[in-house]
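In the text below, chain A, chain B and the rest are named by the order of the sequence lines, each starting its count at 1. Given the structure is predicted, the values throughout are model-derived calculations rather than measurements.
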Amino acid sequence: MGKRIIFHIDVNSAYLSWEAVYRLQRGESLDLRTVPSVVGGDEASRHGIVLAKSMSAKALYKIQTGESLFAVRQRAPNLIIAPPRYDLYMQCHKAMLSILEEYSPSIQIFSIDECFIDYTNMEAIWGPPLDAAHAIGKRIEKELGFTVNIGISSNKLLAKMGGDLKKPNMVHTLFPEEVRTKMWPLPVEDLYGVGRATAPKLYQMGIYTIGELANTDPELLKYKLKSYGQLIWDYANGIEESNGVKDSRPPIKGIGNSTTINFDVDNKYDAYKILLSLTEMVCMRLRQAGFCAQLVAVSIKTNEFKHYSHQKKFYTPTDHTTVIYESACRLFDESWKGEPIRHLGIRLSELCGNDFIQLSILEAHNEKKKKLDETIDNLRMKFGSKAAFRSVFLHSGIHPISGGVMEEEYQMMSSLL
DNA sequence: TCTGGGGTCCTAGGACCC
DNA sequence: TCTGGGGTCCTAGGACCC
């Protein structure tokens with residue numbers, strides 16, 4: 001097999017660029033990309049963090065994704081803050097995808113704003129890789145109004161690292177023979193896989209650049225960082241074997257929903273309501289995806305940002321809302337230590353197909369529950385999330401369904417990706 | 001009204017079995 | 001009485017990514 005050619009395509013400041021384009025199309029004269037601006041969540045409901053920032057917001061005020069809006073407003077009083085618009089992001093994602101599909105039949109969606117495409121053997125049609133990448137970038141900018149960075153290499157890791165070299169609106173190659181000059185001088189925390197916890201450990205070993213990591217004895221790294229040491233040593237050396245752009249997404253391992261509650265929960269009955277609203281969401285997604293789950297986990301984040309979780313396995317897989325809700329409540333009771341609760345989550349995993357009926361003594365009972373779940377799912381799909389909800393939520397101040405990124409209806413990013 | 005949400009993978013320790 | 005060790009499953013927690 002010959003050498004592969006992989007492109008990594010990454011939208012520059014995705015959410016912010018998409019919002020900027022949207023506003024320009026609606027006749028506004030200001031381009032958000034040209035001023036200090038961010039897309040941020042709703043502070044009133046305690047979702048106030050930076051989801052995306054403009055280049056000047058980063059350059060002038062060192063604004064980082066994930067920072068609290070409260071903190072960034074202190075430094076940047078004139079900052080423009082736009083609310084997120086996930087339906088728009090989904091449209092932009094799909095529009096970009098349809099352009100990319102023209103250039104290769106093999107595309108791997110990495111996130112809402114990142115894709116890999118396999119350009120191997122496509123040169124006969126679209127020319128040399130650099131020409132094709134520039135053509136793709138220009139087409140996206142001309143037709144969709146936003147810019148992308150494209151990284152080109154022979155594996156996904158290097159294509160991705162290459163795409164990050166200089167932004168925005170750039171094409172870079174980062175082939176193995178260029179790793180030494182283009183990637184090794186970068187700070188070690190720029191390497192994919194080196195995050196908040198690993199970087200300080202590397203500093204302690206006197207490793208500050210990707211090059212220094214690449215030239216460290218891998219045995220020493222394995223001793224200090226276990227298997228992760230080997231992984232990041234490989235990455236630093238441009239080695240990534242999992243190679244290959246996968247057009248079909250890997251199988252789903254689990255489905256979860258969680259939410260930050262707009263007040264601190266201090267009693268289990270309010271917690272139960274939140275858990276029910278999360279269960280409604282997560283179970284509907286489970287059924288839509290055609291799965292039953294055998295493992296349910298509840299996670300708790302306290303008002304002091306302490307985090308813990310508790311999980312339990314079912315004897316038989318299930319997709320029933322009430323069954324999962326009841327076990328979520330039990331898990332909550334068994335784990336909650338009584339602190340004020342900021343955030344609750346439910347995660348279902350160990351999935352199997354739901355296209356067979358689990359035989360059980362309670363067969364008839366189960367059939368009834370299944371019908372009920374189905375009926376409610378259909379009502380909500382047809383008439384919206386408010387078409388059916390449980391009476392406990394009346395006057396409770398708690399949404400009957402929660403978790404995920406919700407627009408008016410079930411327009412969930414993750415379920416569409 | 002300072003700090004989101006959805007994922008995946010790995011490790012460590014205890015239970016339990018042979 | 002003395003004293004193992006391997007393998008697997010379960011659970012909690014931590015790390016990383018976008």
Side-chain angles (χ1 to χ4, degrees), chain A residues 8 10-11 13-15 38-52 64-75 81 83-84 86 89 93 109-116 156-157 160 163-164 189 191-201 222 225-232 235 242 249-264 278 281-282 285 294-314 331 334-335 342-351 402-406 412-417:
Chain A
H8 176 258
D10 186 350
V11 179
S13 308
Y15 289 3
V38 299
V39 171
D42 174 36
E43 287 178 283
S45 59
R46 311 207 292 186
H47 289 60
I49 62 152
V50 174
L51 298 164
Q64 313 247 328
T65 302
E67 266 195 284
S68 71
L69 293 180
F70 181 87
V72 303
R73 267 191 286 104
Q74 312 288 308
R75 307 204 298 274
I81 303 177
Y86 294 100
Y89 308 156
H93 166 79
I109 297 166
F110 193 63
S111 72
I112 194 160
D113 69 323
E114 288 182 42
C115 296
F116 293 98
K156 289 192 283 185
L157 184 270
K160 182 162 172 53
D164 282 337
E189 66 270 18
L191 183 66
Y192 183 81
V194 175
R196 256 207 338 257
T198 305
K201 291 179 191 166
K222 271 196 280 186
L225 303 170
K226 313 286 177 191
S227 67
Y228 219 72
Q230 181 72 57
L231 184 76
I232 60 175
Y235 285 179
S242 84
R249 273 197 303 290
I252 297 166
K253 298 283 173 58
I255 297 177
N257 281 108
S258 64
T259 189
T260 293
I261 308 132
N262 51 25
F263 58 95
D264 281 349
L278 287 166
M281 172 64 94
V282 80
R285 290 177 60 204
Q294 205 166 358
L295 190 71
V296 57
V298 167
S299 63
I300 297 171
K301 183 155 70 180
T302 73
N303 65 337
E304 291 178 317
F305 284 79
K306 292 267 183 297
H307 185 276
Y308 52 91
S309 65
H310 190 40
Q311 66 181 51
K312 197 136 236 167
K313 218 176 162 173
F314 290 115
L331 288 167
E334 286 165 13
S335 59
R342 179 188 179 86
H343 172 111
L344 282 169
I346 297 183
R347 178 160 190 81
L348 307 176
S349 52
E350 301 199 6
L351 308 180
S402 66
V405 163
M406 296 209 314
M412 292 169 304
M413 218 169 80
S414 51
S415 67
L416 294 164
L417 265 181

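Residue A/K253 places none of its side-chain N or O atoms closer than 4.0 Å to OP1 or OP2 of B/dT8. Listed pair A/H343 / B/dG4 fails the phosphate criterion, with no side-chain N or O lying under 4.0 Å from OP1 or OP2. At B/dG4, none of the side-chain N or O atoms of A/R46 fall inside 4.0 Å of OP1 or OP2 (strictly under the cut-off). Regarding contacts with the backbone of B/dG6, a side-chain N or O of A/S258 is found under 4.0 angstrom from either OP1 or OP2. The shortest distance between the side-chain N/O atoms of A/R342 and the OP1/OP2 oxygens of B/dG4 is below 4.0 Å. Remark: A/R196 is not in phosphate contact with C/dC17, judged by side-chain N or O atoms under 4.0 Å from OP1 or OP2. Residue A/N257 has a polar side-chain atom (N or O) positioned under 4.0 Å from OP1 or OP2 of B/dG6. Remark: A/T65 is not in phosphate contact with C/dC18, judged by side-chain N or O atoms under 4.0 Å from OP1 or OP2.
Between A/Y15 and A/Y89, the ring planes lie parallel to each other; the angle is under 30°, not in the 30° to 60° tilted range. In this pair, A/F116 and A/H8 present their aromatic rings tilted. The plane angle is within the 30 to 60° band.
Once rounded to the nearest 0.5 Å, the distance linking CD1 of A/I232 with OG1 of A/T198 reads 6.0 Å.
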Check residues 296-303 of chain A and write down every donor-acceptor pair under 3.5 Å in which the side-chain atom is one partner and the other belongs to a residue at least two apart or another chain.
{"from": "A/T302", "atom 1": "OG1", "to": "A/E304", "atom 2": "N", "distance (Å)": "3.1"}
{"from": "A/T302", "atom 1": "OG1", "to": "A/F305", "atom 2": "N", "distance (Å)": "3.4"}
{"from": "A/T302", "atom 1": "OG1", "to": "A/K306", "atom 2": "N", "distance (Å)": "3.1"}

Inset, instruction - State the dot-bracket string of DNA chain C. Criteria: Watson-Crick or G-U wobble, both atom distances under 3.5 angstrom; notation: ( ) intrastrand, [ ] crossing earlier pairs, | interstrand, . unpaired. - result: ....||||||||||||||
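Legend: residues meeting salt bridge (Lys or Arg N to Asp or Glu O under 4.0 Å) with A/K313, ordered by chain and number and at least two apart, are A/E350. Residues passing the salt bridge (Lys or Arg N to Asp or Glu O under 4.0 Å) test with A/E189: none are found, sequence neighbours excluded. Scanning for side-chain contact (heavy atoms from CB on, under 4.5 Å) contacts around A/I252 gives A/I255, A/F291, A/L351, with sequence neighbours left out. Scored by the side-chain contact (heavy atoms from CB on, under 4.5 Å) test, A/Q74 finds A/F70 as partners (sequence neighbours excluded). Under the side-chain contact (heavy atoms from CB on, under 4.5 Å) criterion, A/K201 pairs with A/L225, sequence neighbours left out. Not counting sequence neighbours, A/D42 has no partner by the salt bridge (Lys or Arg N to Asp or Glu O under 4.0 Å) test. Applying the side-chain contact (heavy atoms from CB on, under 4.5 Å) criterion to A/K222, with sequence neighbours excluded, gives A/E219, A/Q230. Listed by chain and number, the residues in a salt bridge (Lys or Arg N to Asp or Glu O under 4.0 Å) with A/D164 are A/K167 (sequence neighbours excluded).
The residue A/S45 sits apart from the nucleic acid: no heavy atom pair falls under 4.0 Å. Residue A/D113 is in sugar-phosphate contact alone, with no base atom involved, counting any heavy-atom pair closer than 4.0 Å across all strands shown. At the heavy-atom level, A/Q74 lies nowhere under 4.0 Å from the strands shown. Contact annotation for A/G345: no contact, since no heavy-atom pair falls under 4.0 Å across all strands. Counting non-hydrogen atoms under 4.0 angstrom, A/A197 reaches the backbone sugars and phosphates but no base. If you check every strand for non-hydrogen atoms under 4.0 Å, A/I255 touches sugar and phosphate atoms only. Note on A/G41: nothing from the nucleic acid sits closer than 4.0 angstrom, heavy atoms only.
You'll find that the side chain of A/I49 is closest to B/dG4, out of B/dG6, C/dC18, B/dG4. Minimum atom distance to the side chain of A/F70 is reached by B/dC2, of the listed B/dC2, C/dC18, B/dG7.
For the pair A/P251 and A/I261, both in contact range of DNA chain B, the more 5′-proximal nearest nucleotide belongs to A/I261.
Less than 4.0 Å separates DNA chain B from at least one heavy atom of each of the following residues of residues 300-310 of chain A: A/K301, A/F305.
For the pair A/I109 and A/H93, the minimum side-chain heavy-atom distance is below 4.5 Å.
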Inset, instruction - Take nucleotides 11-16 of chain B nucleotide by nucleotide from the 5' end and write B, S or -, depending on whether a protein heavy atom sits under 4.0 Å from the base, only from the sugar-phosphate, or from neither. - result: SS----
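The CG-P distance, from A/D42 to B/dG5, rounds to 11 Å in whole Å.
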